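Remarks on the structure that follows.
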There are 2 protein chains.
Amino acid sequence: MAGDPDRVRTSADIAAHAGTNPVVVRRVLGRLREAGLVTSEKGHAGGWRLARPPQQITLADIYLALDERLVDAREETGHSDCALEHALQHKVALVLEEIETLLTRRLSEMTIADLGDPGA
Amino acid sequence: MAGDPDRVRTSADIAAHAGTNPVVVRRVLGRLREAGLVTSEKGHAGGWRLARPPQQITLADIYLALDERLVDAREETGHSDCALEHALQHKVALVLEEIETLLTRRLSEMTIADLGDPGA
DNA sequence: TATCTAGTAACTATTATAGTTACGTAATGC
DNA sequence: GCATTACGTAACTATAATAGTTACTAGATA
């Protein structure tokens, strides 16, 4: 879609291109729509379109829209009676937080328009 | 085990402590043994023990021994005919490699002995 | 030699994800 | 108005990965 932003595509088209099912496409794009990244329209000339220029959509936008997380955000499941296990979970959580921050920073440096640029 | 390194523990003990099954424990510790982190002995006084002092076992040792990886190392699954998708996969792989490096570096800075230290 | 423990194969249970079918709703063009 | 097109979504099935379980073998020790 980034390659030809003005074109409307149906979930069937996208599914065929991706080798998957239209319903799966609608599920995923539905979440991107909730995040304001794409729009959809029903009816005859309906389909999916980017909500803003591809230069203004980063991989971090998509990553966050789909709720992908390395960290599960549940540092304390609580039911452990072992102090060492708590310490482990806490330290690992701190590291994962640092990792997650770096990841989203890197992803936010890449727009989907960049994917077409040979140099980038 | 880090808290009392000289004590031998059976997989049944460890499983009870962890709320799981002895066989599961043996499976996991078996991999750590392959990596040289723990030893096991059969028979009457048998069980599991750290292969070296807890000050010399890092979380990275364990992470790598268990083959945990953020990156799946298969950058090119190849069957994509879409250039943009290739570009995406490549860029994401580069980022994940950077992330993975940082992660293992952080984990290698923590030994399992540190888990008991309140200050660390 | 009885007992204890790891080692391991084989099976079942659970969970998450993807895929599928079916049908409702909205928009368009005739 | 009405047929057509496409999204929206519920409900179900398929697949795969992981965890858990049972059952047995092999080795070590008292």
Side-chain angles (χ1 to χ4, degrees), chain A residues 1 4-51 62-74 77 79-80 82 85 88-89 92, chain B residues 1 4-51 62-74 77 79-80 82 85 88-89 92:
Chain A
M1 291 174 77
D4 189 358
D6 294 332
R7 192 165 133 211
V8 176
R9 291 156 207 252
T10 68
S11 49
D13 289 344
I14 298 170
H17 182 78
T20 181
N21 192 285
V23 176
V24 176
V25 171
R26 290 201 284 266
R27 281 206 280 246
V28 174
L29 291 186
R31 306 189 65 180
L32 298 186
R33 187 192 50 222
E34 290 169 15
L37 301 181
V38 301
T39 60
S40 66
E41 276 167 54
K42 294 181 172 179
H44 239 98
W48 301 87
R49 193 193 305 265
L50 297 182
I62 299 169
Y63 176 78
L64 295 174
L66 297 181
D67 259 333
E68 306 285 349
R69 292 297 149 81
L70 299 180
V71 194
D72 268 353
R74 39 155 184 67
T77 42
H79 62 288
S80 173
C82 174
E85 190 178 329
L88 174 62
Q89 288 181 2
V92 170
Chain B
M1 290 173 76
D4 189 357
D6 294 331
R7 190 164 134 213
V8 176
R9 291 156 207 252
T10 68
S11 48
D13 288 345
I14 299 170
H17 183 76
T20 181
N21 193 284
V23 175
V24 176
V25 171
R26 291 201 283 266
R27 281 207 282 247
V28 173
L29 291 186
R31 306 191 65 179
L32 298 185
R33 187 191 50 222
E34 290 169 15
L37 301 181
V38 300
T39 60
S40 66
E41 276 168 54
K42 293 181 174 180
H44 237 99
W48 301 87
R49 195 194 305 265
L50 298 183
I62 299 168
Y63 176 79
L64 296 174
L66 296 180
D67 259 332
E68 306 285 349
R69 292 296 150 78
L70 298 180
V71 194
D72 269 352
R74 40 154 182 70
T77 43
H79 62 286
S80 172
C82 175
E85 190 179 327
L88 175 62
Q89 287 182 3
V92 170

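No experiment lies behind these values; they were computed from the predicted model shown. Proteins come first, then strands; the chains are lettered A, B, ... in the order of their sequence lines, and each starts at number 1. Heavy-atom basis, side chains included; hydrogens, waters and symmetry copies ignored.
- In this structure, the separation between CZ on R31(B) and CD1 on I62(B) is 13.0 Å, given to the nearest 0.5 Å.
- Taking atom CZ of residue R49(B) and atom C1' of nucleotide dA6(C), one finds them 14 Å apart after rounding to whole Å.
- Atom CG of L29(B) and atom P of dT5(C) are 15 Å apart (whole Å).
- Residues G36(B) and A51(B) approach most closely at O-CB, 3.3 Å, considering heavy atoms.
- Here the CZ atom belonging to R26(A) is positioned 9.0 Å from the OG1 atom belonging to T10(A), to the nearest 0.5 angstrom.
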5' to 3', nucleotides 14-20 of chain D under a 4.0 Å protein heavy-atom cut-off (B base, S sugar-phosphate only, - none) gives ------B

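- Per the geometry, CZ belonging to R31(B) stands 13 Å off P belonging to dT8(C), to the nearest Å.
- Residues of residues 40-48 of chain A having a heavy atom closer than 4.0 Å to DNA chain D, listed by number: S40(A), E41(A), K42(A), G43(A), H44(A), G46(A), G47(A), W48(A).
- Distance OG1/T39(B) to CG/L32(B): 11.5 Å, rounded to 0.5 Å.
- At dA6(C), one or more side-chain N or O atoms of S11(B) fall inside 4.0 Å of OP1 or OP2 (strictly under the cut-off).
- Regarding I14(A), its CD1 atom lies at a distance of 11 Å from the P atom of dG8(D), rounded to whole Å.
- Between R26(B) and the phosphate of dA6(C), there is a side-chain N or O to OP1/OP2 separation shorter than 4.0 Å.
- Of all the heavy atoms in A15(A) and P22(A), the pair that sits closest is CB-N, 3.4 Å.
- Shortest non-hydrogen contact noted between G30(A) and W48(A) is N-CH2, 3.9 Å.
- Note: R49(B) CZ to R7(B) CZ = 11.5 Å, rounded to the nearest 0.5 Å.
- Residue L29(B) holds its CG atom at 10.0 Å from CG of L37(B), rounded to the nearest 0.5 Å.
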